[in-house]
Each structure stands twice: as structure tokens, then as C-alpha cells.
Amino acid sequence: MLRSPFFSLLIFIVFLCCKEKTTISIKPNFIKKEAKFLQGKALNNLQNKNFNSAFYYFNKSKILFESLKDSSNIAYSLIQMASIQQINGDYYGSKETLTEALPFVKNDYNYSAAINNYFGIADKELSIYDDAVYYYKEAIRNVSGSVIKQAPLNNIAVVYIKQKKYDKAITLLESILDNKILDDPLFIKNKARRIDNLGFAYFKKGIKSKGLQLMNDGLKLRKQADDSYGSIESYLHLSEYFSETNRKKSNQYAQNAYQVATKFNSIDERLKALSFLISNDSDTKYAQKYIVLNDSIIKIRNNFKNKFAKIKYDSKKEKDENQKLRLEKAENLVALKDAENQKIIFVAAFIVLLFLIAYFKKHSDNRNRIEKIKIAYDTETRIAKDIHDELANDVFNIITYTQTQPLESENKKETLIQKLDHIYSRVRGISRENNDIDTGTNYSANLKETLSTYNSDTRNVIINSIEKINWDDLDKIKKITIYRILQELMVNMKKHSEASVVVIKFDNSQKKIFIDYTDNGKGCDQNEIIKNGLQNMENRILATKGTITFETEPDRGFKVKISMPK
């Protein structure tokens, strides 16, 4: 078979283009320095109790450390994020963050201990006491050194008290206090906490005099150590101790706890103190304070939960977009660097192009004519198939209905009218799917209306942010491409998906338009995409220099991501 000389010259040009490759190396030291800087900003914000900002910067540093595969720093950032969530009452969110950290701490027992301890705290606050004890025990299982074990052991004792297992709590706390390390002045706050908890356990067991003595000893130690925050717990324990025997004393301790908790903005302790004051006093002012404070903290914590979730979501989205931008930037740099080596090739290509233009111009008219015939044929075939699939059986059923039913009856007439109206709606749908597309000022409204027609009693179609797009920036071909692709997606969903919820989200950047399609239907294997007619969408989008990706698995829904240059 003879080949054109143009073809041989093109092969030669491709060979020259492939001869030299330019690579760009990304310096990990720069990324590590930036990640450490963000981690430092996070710690400063955490110290100043700017929890949203601290969470944001820990999350940003974590993403950079992921690019370096730095497991230790990834784990550290995630543990700090979980800690911030727990400070703000988001215990379920903190458990999700801790679960995310687990794969990065397989060989680091200290981090494993911290994660398990935080799991225990979350379950304790959620009143899942058996799980809390399990995680506290896991925290100390592979840890050497009695200092690290102190906090989890004390936490186990606290859970035992909440479970009314007072003997187990007393035994455990007394064994902790036998450790001479607590006599070191550095650990006086820890010792005071253990003594106070031991006294509270004795009190709850019914050995009240010993319990009172130990709780007073714990408070005295806390005052010596200037542990104002720790004294809140002592005051609350003593308030509960005197609540049945001396309400005046109980009130005084509750007032002390409330004042110190207010100073430290410790909401849960303030609520606990108010609950004692309400029980001991008939004055309604405490009840009113409790209601206002409780309502306020619920709103604040819900707000924190939403913000933490949004920070994670936005960061993931930003990470995906940045990866695309970095890839584009790298490609541009490569192109610029290679430009000097390609000048001769471009000159040769230009000459070939002149010949090819002349060649293809001669044959383009014939190809365009064939293409138009093919498009018309495809449209006619689709309309015929839709009429056969959508309408033929319904029309036949109505004919049978009119022949077999007494139409004098009002009910029968009404049924017939409903059936005819249903066919009319489907005819309009087929017409809308195959008519010309208005790409003018009404384009956005018509597109939204077309997508909305797929709503039904069993299906909800949600269209987000279509108004954000300046459709005037797009040429006619791209508008038609978007219209037809979304139309084909909706038809495919209706025929194959059995989805009850469909979400179509529009977004844009300075140079591109993004469309995300998601449904909760039955999905399919990736190999089935071509069989379902979706290959045509890919051909359409590639013709506009855009991209389209499909994400689907059986019973996992269907996702499509589309990007198109403006």
C-alpha cells in the first residue's frame, strides 16, 4: 500500500518531538518547610484558643505532609485536630479524625497511645463506657514507663465510678498513688487529681468520712499547686457530697466551681455547678441561667461541628484543584523549556500544515455532508426508538382501554384523560430532547427547565449554582455540548439507574467550567459505560478540549466530573 509523503514527514516530526524529554523536579525541602510553618501557626492559634484557625492550619499542614509521605507529622496533625474537636464537643467528628490517623501510627506506640486515649475520652463523653475502658487499656498496652500510663489509668478509674464499680475504681486509684513518681513536685497536679477521684469513689461507695478527707486533701494540694482549673472538679465533688446534708455548704462549693469555670470559660463545669444550685435552691434565676447557657453551648458546638466538617471538605476540594493547577503549571514549564529545541520542528510542521490544509480543504465539504447525514440519521433513529420504547405500548393500551371500558362513567373518563395527559407529557419530553437548542439569553433557564423535567414522585433532581456561570463567556458549540451531555446523562439515569436523588452542581474558575453529576442509583461496572451509550459523551467533550471522568461501581451510585475551557 502506497503512503503519502506527508504521512512520512509527520512520522519524522513525531520522532523528533519524542527524542528529548524535559523533567521538572519538585524540591521536598521547600514543601516540608511550608508544612512546618503551617503546623507552627496551628499551635499558636491553639494556644490562643482560636480553634477554627488552629484546625484549619493543622489540616493544611497535614495535606502537605501527605505529599511527602511523612507519617509521623500526618499523625501528629490529625491527633491535634481530633483534640480540638473534643474540646468543642464534636466527639463523633473526633472519632472520624482519629480513625483517619490510625494507618500512620503502626510502629509509633506513643502516638498509638494518644489515639487510643482520645478514643476512650470520646466514648466516655458519649457514655459508651465499656468501649472507653477498652481504648484506655489499649493506650497503655504497648507503652513502657509509668508516667505515660498515669492518665489512661486515672481515666479508667473515672469510668468505673460512672459505672458504679466503686471497688474497682478504689483499687486502681490506690495502686496509682502507690507510685512514688507522684511525689515529685512536677506531678503534684496529677497526684491531687488522683486523691480527689479516690475520695469521690469512697464517698459514692458510702464510706463518706474517708471520702471527705481525701477530697479535702486533693483540694488543698490543688491550691498549693495553683491549679485553679483542677479545683473546679474538687468543688463539684464537694458540692455533691454536701447536697444531701448541708445545702448551704453545697451551694458555696457550687458557687466556687461556677466562678472558676466562668473564668476559664469551661461550659460543661458551669452547667454542672448550676445543676447543683438549682437542686439546692428554689430561686429560679439559676434555672434560667442554665437554660440560656445550655441553649447557647448547643448552638456553638453545632456551629463548630459544621465548620470543622466544612474545613475538611474545602481542603480536599482545594487539594484536588491545586493538583490540577500544579500539573498544568508543570506542563507549561516543560513546554517553555522545550521550545528552544523545537523551533526547527515547528518550521517543518508549518510547511506540512500548509500542504495538509490544501489537501483537507478539498475533501472537507464531502466529509461535512456525510457528517450531517449521519447526525440526521442518528437523531431520526433516536426519535424512532423513543417513540417505540416510550409511547407505542401506552397508545396500544389506551386503544384497548377505550374498546373495553364504559366511557360514560365519569371515573373511566377521568382515567382516560390522565392516560392521554401522560402520553402528551412524554411526547413533549421527546420533542424537547431532539429540538434545536436556544443558545442565547434564555440558555440557562431552558437548561434548568429541561433538567427539572426529570423530577418525579420518586426522584428528586437538585440543580446547584447554575446561576454562578456567565454563560455569555461560552461559544455556541460548547453550550450545545453541555446541553446534550447533561441530557444524555439524565436519559441514561432514567433508563438504567433507578436513582431517587440526582445532584448537578455547576462551578467555574477564571479559565474553566466544572460540572459535577451525582446520583444514588445502582451504578454499573466501568466496563459497562460504553454499553450504556456514555462513550458518546466522552467524544463530545473531547471535541471541545474538555475532560470527562466516570466514577461508578455496582450499587455505589454514579458520578461524572466534567471540565471545559471557557
Side-chain angles (χ1 to χ4, degrees), residues 374-397 419 421-435 437 446-464 466 479-506 513-544 546-564:
K374 183 179 183 302
I375 291 172
Y377 172 77
D378 289 344
T379 302
E380 290 169 0
T381 302
R382 183 170 61 251
I383 293 171
K385 186 176 186 303
D386 287 344
I387 289 173
H388 178 272
D389 293 347
E390 300 281 336
L391 300 178
N393 288 337
D394 287 348
V395 171
F396 177 78
N397 289 336
K419 289 177 179 290
D421 185 62
H422 179 66
I423 289 179
Y424 173 69
S425 298
R426 295 173 84 168
V427 169
R428 285 188 64 193
I430 294 172
S431 173
R432 189 181 291 108
E433 288 175 9
N434 296 282
N435 63 5
I437 297 169
N446 290 339
L447 176 59
K448 190 171 185 179
E449 180 186 357
T450 297
L451 298 174
S452 299
T453 58
Y454 290 89
N455 273 306
S456 69
D457 293 339
T458 58
R459 185 188 309 113
N460 185 20
V461 178
I462 302 168
I463 304 165
N464 285 336
I466 192 171
K479 288 181 182 178
I480 292 172
T481 298
I482 289 173
Y483 196 102
R484 289 303 186 201
I485 286 175
L486 291 176
Q487 199 174 55
E488 289 181 42
L489 277 172
M490 299 304 282
V491 170
N492 180 74
M493 174 275 299
K494 183 178 176 183
K495 288 182 177 179
H496 304 291
S497 158
E498 300 178 6
S500 61
V501 178
V502 179
V503 179
I504 305 170
K505 182 179 178 182
F506 295 82
I513 284 179
F514 305 101
I515 302 172
D516 287 352
Y517 168 94
T518 307
D519 70 44
N520 66 343
K522 61 184 182 180
C524 65
D525 287 324
Q526 288 283 347
N527 297 333
E528 292 293 316
I529 288 177
I530 295 176
K531 294 181 182 178
N532 288 344
L534 301 180
Q535 185 67 44
N536 188 41
M537 299 181 202
E538 190 168 7
N539 295 335
R540 285 182 186 272
I541 200 71
L542 290 177
T544 64
T547 63
I548 183 168
T549 58
F550 302 97
E551 298 177 20
T552 181
E553 291 181 26
D555 302 319
R556 294 289 182 88
F558 193 76
K559 295 182 181 179
V560 181
K561 292 183 181 294
I562 299 168
S563 71
M564 179 184 292

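Only a predicted model underlies this, so the values are computations on that prediction, with no experimental measurement involved. Heavy-atom basis, side chains included; hydrogens, waters and symmetry copies ignored.
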(message) List the residues meeting side chain to side chain donor-acceptor pair (under 3.5 Å) with N520, not counting sequence neighbours, and say none if there are none.
(response) S500
(request) Identify, with sequence neighbours excluded, every residue that meets side-chain contact (heavy atoms from CB on, under 4.5 Å) alongside I466. (result) S444, L447, K448, I463, W471, F506
(request) Give, for atom CE of M564 and atom CD1 of I541, the distance between the pair rounded to the nearest 0.5 Å. (result) 3.5 Å
(message) For A499 versus M493, what's the shortest heavy-atom pair and its separation?
(response) CB-CG, 4.2 Å
(request) To the nearest 0.5 Å, tell me how far I480 CD1 sits from R540 CZ. (result) 9.5 Å
(request) Without swapping roles, check the side chain of D516 against the backbone of K505 for a donor-acceptor pair under 3.5 Å. (result) no
(message) Holding to side-chain contact (heavy atoms from CB on, under 4.5 Å), I want the full list of residues that pass it with T552, two or more places apart in sequence or in another chain.
(response) C524, Q526, I529, F558
(request) Any chance you could measure H496, atom NE2, to D519, atom CG, to the nearest 0.5 Å? (result) 12.0 Å
(request) Please name all residues satisfying salt bridge (Lys or Arg N to Asp or Glu O under 4.0 Å) with E498, sequence neighbours left out, ordered by chain then number. (result) K522
(request) State which residues pass side-chain contact (heavy atoms from CB on, under 4.5 Å) with T549; sequence neighbours excluded, sorted by chain then number. (result) K561
(request) With rounding to the nearest 0.5 Å, note down the distance linking OG1 in T544 to CD1 in I485. (result) 6.5 Å
(request) Report the distance from atom CD of E538 to atom OG1 of T547, rounding to the nearest 0.5 Å. (result) 10.0 Å
(request) Let me know which of L489, N460, V502, V491 forms a side chain to side chain contact (heavy atoms under 4.5 Å, CB included) with Y454. (result) V491
(message) A side-chain contact here means heavy atoms from C-beta on lying under 4.5 Å apart; do N446 and E449 qualify?
(response) yes
(message) So, taking the atom named CE in M490 and the one named OG1 in T450, what distance separates them when rounded to the nearest 0.5 Å?
(response) 10.0 Å
